[in-house]
Protein chains: 2
Amino acid sequence: MPPKLGILVTEFVIMVRKAMKSANLDSFDRKLLECVRRNNLEPARSLAEKVGLSESSVLRRLRRMRLEGIIIGDIALVDPALTGGAITMHVLVQLYNDGHIRTDAFARNMARREEVVAAWNVAGDEDFVLIVQVPSMEAYDAFTREELSEQSHVRDFKTLISIRPVVDTLISRRPLRA
Amino acid sequence: MPPKLGILVTEFVIMVRKAMKSANLDSFDRKLLECVRRNNLEPARSLAEKVGLSESSVLRRLRRMRLEGIIIGDIALVDPALTGGAITMHVLVQLYNDGHIRTDAFARNMARREEVVAAWNVAGDEDFVLIVQVPSMEAYDAFTREELSEQSHVRDFKTLISIRPVVDTLISRRPLRA
DNA sequence: TATGAAATGCCATAACC
DNA sequence: GGTTATGGCATTTCATA
């Protein structure tokens with residue numbers, strides 16, 4: 001398949017997906033999402049009772065939503081102690097301000113680092129907010145040296161050591177640690 | 001059951017759980033976790049091939065890890081467009097420094113707010129880092145007024161508006177929006 | 001086009017070795 | 001940990017509105 005056609009097909013698929021996705025969800029769909037969002041192993045029979053549909057309709061709707069990308073995945077949640085680093089840091093980063101090139105390059109570097117759980121490009125005094133999880137201070141030190149201190153386009157950075165999470169409705173999809 | 005006994009039983013259950021949890025996972029367990037962490041609807045037969053065990057062993061191990069709290073949940077991931085607010089803010093909060101009472105009260109307030117997706121108590125110049133998701137600037141304005149500006153124990157706060165997430169291995173467990 | 005009901009086939013469960 | 005028999009659940013097909 002020639003590249004141009006490939007791109008066209010890709011775009012078409014995306015258009016179809018969006019079109020399908022924007023097909024509004026009715027109240028049954030929303031109720032089902034509310035349920036499987038908390039527990040996706042619940043049998044269809046039980047879901048059917050809760051939402052007021054037959055078993056087959058429930059299964060049809062769930063399959064449709066999975067195909068359309070409304071349900072984007074089905075996963076087991078693993079104890080964070082096994083996944084996350086023990087120490088969480090927040091890092092505020094300022095770059096030297098010369099256009100998008102350095103911003104994009106920095107973003108790509110962050111995406112490559114295992115320690116970076118999440119990162120945002122932000123407006124204001126700072127340029128980036130990072131959430132970094134590491135098993136030890138040595139690991140954090142290595143990270144800051146390699147990605148921040150020794151990088152000439154990083155003007156400054158400020159570290160906020162997390163004492164404890166007080167709200168946490170987020171879960172990580174990072175790979176398990178050895 | 002008298003209260004004291006109830007507490008003892010509760011503590012015992014917690015002890016047992018921790019003891020069970022600390023029972024180290026072998027390489028089979030870890031491989032299984034790696035799999036179900038990405039897809040928990042994959043049949044045991046398929047998992048058995050991947051990790052090199054029989055179907056029943058796979059199912060036994062998964063059930064054990066669910067009971068022991070190593071697997072803490074099984075959920076469907078819903079398209080973030082349906083769940084999260086459109087706008088993400090990072091807020092750095094400084095409180096007036098008079099002990100733990102205000103810190104705890106603030107943490108409890110944050111836990112109550114739907115807008116607050118995550119929050120950490122941090123060391124350094126700031127006291128809290130918040131991740132706030134809102135559907136509009138009006139909603140953010142209301143949030144800051146109610147929880148920050150009008151609160152006498154908040155010394156100062158600084159808002160970083162997220163332009164775009166550049167790394168995102170986190171997913172939200174917040175309820176669906178209407 | 002989407003539903004509900006019944007037949008089929010797959011998968012988890014629980015008893016064994 | 002592996003093997004086998006059972007029960008439950010999802011899938012498919014069909015009839016219906």
Side-chain angles (χ1 to χ4, degrees), chain A residues 12-79 82 176 178, chain B residues 13 16-79 81-82 176 178:
Chain A
F12 181 68
V13 169
I14 291 171
M15 279 174 56
V16 169
R17 286 224 163 172
K18 288 199 175 170
M20 294 167 86
K21 207 181 284 187
S22 71
N24 349 1
L25 308 172
D26 63 16
S27 71
F28 290 122
D29 290 329
R30 291 184 175 278
K31 281 182 194 168
L32 287 173
L33 287 177
E34 284 287 0
C35 291
V36 295
R37 200 148 185 278
R38 297 200 183 84
N39 174 19
N40 73 337
L41 300 184
E42 187 174 357
R45 176 171 306 182
S46 159
L47 291 173
E49 283 183 18
K50 284 188 184 171
V51 304
L53 273 175
S54 74
E55 191 181 327
S56 31
S57 275
V58 166
L59 289 163
R60 257 196 297 265
R61 282 166 180 267
L62 287 177
R63 188 168 4 176
R64 178 176 54 78
M65 292 196 283
R66 290 194 165 101
L67 283 173
E68 291 174 1
I70 291 161
I71 294 175
I72 59 180
D74 293 85
I75 65 169
L77 301 180
V78 176
D79 182 1
L82 293 170
L176 287 181
Chain B
V13 168
V16 169
R17 285 224 165 173
K18 287 199 175 172
M20 294 167 86
K21 208 181 281 187
S22 72
N24 340 5
L25 308 170
D26 63 16
S27 71
F28 290 120
D29 289 329
R30 291 185 175 277
K31 281 182 192 168
L32 286 173
L33 288 176
E34 283 288 1
C35 292
V36 296
R37 216 153 169 270
R38 297 200 183 83
N39 174 19
N40 72 338
L41 300 184
E42 187 174 356
R45 178 172 305 186
S46 160
L47 291 173
E49 282 183 19
K50 284 188 184 170
V51 305
L53 275 175
S54 74
E55 191 180 326
S56 41
S57 275
V58 165
L59 290 162
R60 258 197 295 262
R61 281 165 180 269
L62 287 176
R63 185 161 4 153
R64 176 177 54 80
M65 291 195 283
R66 288 192 167 102
L67 282 173
E68 292 175 2
I70 292 162
I71 293 175
I72 58 180
D74 293 86
I75 65 169
L77 300 179
V78 177
D79 182 2
L82 294 170
L176 287 181

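Note: hydrogens, waters and symmetry copies are ignored here, and every other heavy atom, side chains too, is used. Here the structure is a predicted model, which means the values were calculated and not measured. In the text below, chain A, chain B and the rest are named by the order of the sequence lines, each starting its count at 1.
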Write down the distance between [atom1] ([X]) and [atom2] ([N]), rounded to a whole number of angstrom.
{"X": "A/E42", "N": "D/dC9", "atom1": "CD", "atom2": "P", "answer": "11 Å"}
{"X": "B/R45", "N": "D/dG2", "atom1": "CZ", "atom2": "P", "answer": "15 Å"}
{"X": "A/D29", "N": "C/dA2", "atom1": "CG", "atom2": "C1'", "answer": "12 Å"}
{"X": "B/F28", "N": "D/dG1", "atom1": "CZ", "atom2": "P", "answer": "8 Å"}
{"X": "A/E49", "N": "C/dG4", "atom1": "CD", "atom2": "C1'", "answer": "16 Å"}
{"X": "B/L32", "N": "C/dA12", "atom1": "CG", "atom2": "P", "answer": "12 Å"}
{"X": "A/R61", "N": "C/dT1", "atom1": "CZ", "atom2": "P", "answer": "16 Å"}
{"X": "B/L59", "N": "C/dC10", "atom1": "CG", "atom2": "C1'", "answer": "13 Å"}

Listed nucleotide nearest any side-chain atom of B/L53, set C/dT3, C/dA12, D/dG2: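 Out of C/dT3, C/dA12, D/dG2, the nucleotide with an atom closest to B/L53's side chain is D/dG2.
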Establish, with yes or no, whether the OP1 or OP2 oxygen of [N] is under 4.0 angstrom from a side-chain nitrogen or oxygen of [X].
{"X": "A/R63", "N": "D/dT12", "answer": "yes"}
{"X": "A/R60", "N": "D/dT12", "answer": "no"}
{"X": "B/S54", "N": "D/dG1", "answer": "no"}

So among A/L25, A/V36, A/I72, which one has a side-chain contact (heavy atoms from CB on, under 4.5 Å) with A/M65?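 Testing A/M65 for a side-chain contact (heavy atoms from CB on, under 4.5 Å) against A/L25, A/V36, A/I72 leaves exactly one candidate, A/L25.
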Which atom of B/I71 lies closest to which atom of A/A76, heavy atoms considered: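 Answer, listing the atom of B/I71 first, then A/A76: CG2-CB, 4.0 Å.
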Would you indicate whether the side-chain heavy atoms of B/L62 and B/L47 approach each other to under 4.5 Å?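 B/L47 vs B/L62: side chains touch.
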Hey, does the side-chain of B/S56 have a donor or acceptor N/O within less than 3.5 Å of a partner on the base of C/dT13?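 No.
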Carboxylate-amine/guanidinium proximity below 4.0 Å for A/R38 and A/E34: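 Here A/R38 pairs with A/E34 in a salt bridge, since their nearest N and O are under 4.0 Å apart.
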For A/S57, which contact category applies under a 4.0 Å heavy-atom criterion: base, sugar-phosphate, or nothing?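 Here A/S57 touches the backbone only, sparing every base.
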Side chain to side chain contact (heavy atoms under 4.5 Å, CB included) evaluation trace for A/R60 with A/L53: CA-CA 11 Å; A/R60 257 196 297 265; A/L53 273 175; over 6 Å; no
